[in-house]
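So that the names make sense, note that chain A is the first sequence line, chain B the second, and so on, each numbered from 1. Quick note: numbers below take in every heavy atom, side chains included, and nothing from hydrogens, waters or symmetry partners.
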Amino acid sequence: QQPVQSPQAVILREGEDAVINCSSSKALYSVHWYRQKHGEAPVFLMILLKGGEQKGHDKISASFNEKKQQSSLYLTASQLSYSGTYFCGTESLTGNQFYFGTGTSLTVIP
Amino acid sequence: DGGITQSPKYLFRKEGQNVTLSCEQNLNHDAMYWYRQDPGQGLRLIYYSQIVNDFQKGDIAEGYSVSREKKESFPLTVTSAQKNPTAFYLCASSIRGTGASSLSAQAFFGQGTRLTVV
């Protein structure tokens, strides 16, 4: 039931772009994205609801393709502060559960 | 300030002992969740509760137990039946139970409890 994320890890230089993908085997109602720094709690980034919406937050944006049960997180012109592990969280159409993905470790270097 | 509090931050347990992790929220959230985090495996759902006096098993409930006697509290007990309990445990809450008939809402997390078996 846990959604699968890809890639597992990515290393970027400052200013480069990255895409993180999240794929579920279940029909989804919504997708959430979170970022976690080492040893800390995950911090909420954004929610995308079914309907194929896209959202943006500064230079971080995301899309949700409900037909493919997939979401992608786009990080443009990456900054050092973007480093961390990114998780997608999914709610199924049948509800009642909230599952997190396997995580993507993102490291931005100068 | 509203938030979700986990305690203790670090916990050591001897093999064969039960131990209880505390999770309290003052956000008036209906739904609460427990996750286990191991390196390279993301967050795996242990138990969740949509309402007081009701809770459901997640993917890895074996060796764990919970209770939800109050809306604010969702303690997790790691029993001696859990064979590999050393991990980082995260509690989360959201405004209501999820479902297609209602608006989705973000999850708020506690700071986590790192449990080590010695």
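B/Y35 and B/F109 have tilted rings, their planes meeting at an angle from 30° to 60° on a 0 to 90° scale.
The part of B/Q37 that comes within reach of chain A is its side chain, from C-beta onward, which places non-hydrogen atoms under 4.5 angstrom from that chain. With a 4.5 Å cut-off on non-hydrogen atoms, B/A107 touches chain A through its backbone and its side chain both.
Within residues 77-91 of chain B, the residues having any heavy atom less than 4.5 Å from a heavy atom of chain A are, in residue-number order, B/F88, B/L90.
Side-chain N/O atoms of B/H29 and B/E72 include no donor and acceptor closer than 3.5 Å. In the model, B/Y10 has no side-chain atom that pairs as donor or acceptor with a side-chain atom of B/R114 under 3.5 Å. In the model, A/T76 has no side-chain atom that pairs as donor or acceptor with a side-chain atom of A/D17 under 3.5 Å. Side chains of A/Y74 and A/S63: a donor-acceptor N/O pair is present below 3.5 angstrom, by distance only.
A ring-centre distance under 6.0 Å is found for A/Y34 and A/F44.
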Please tabulate, for the side chains in residues 102-110 of chain A, all donor-acceptor contacts under 3.5 angstrom to protein atoms that are two or more places apart in sequence or on a different chain.
unit_1	atom_1	unit_2	atom_2	d
A/T102	OG1	A/Q5	N	3.1
A/T104	OG1	A/Q5	NE2	3.2
A/T104	OG1	A/P7	O	2.7

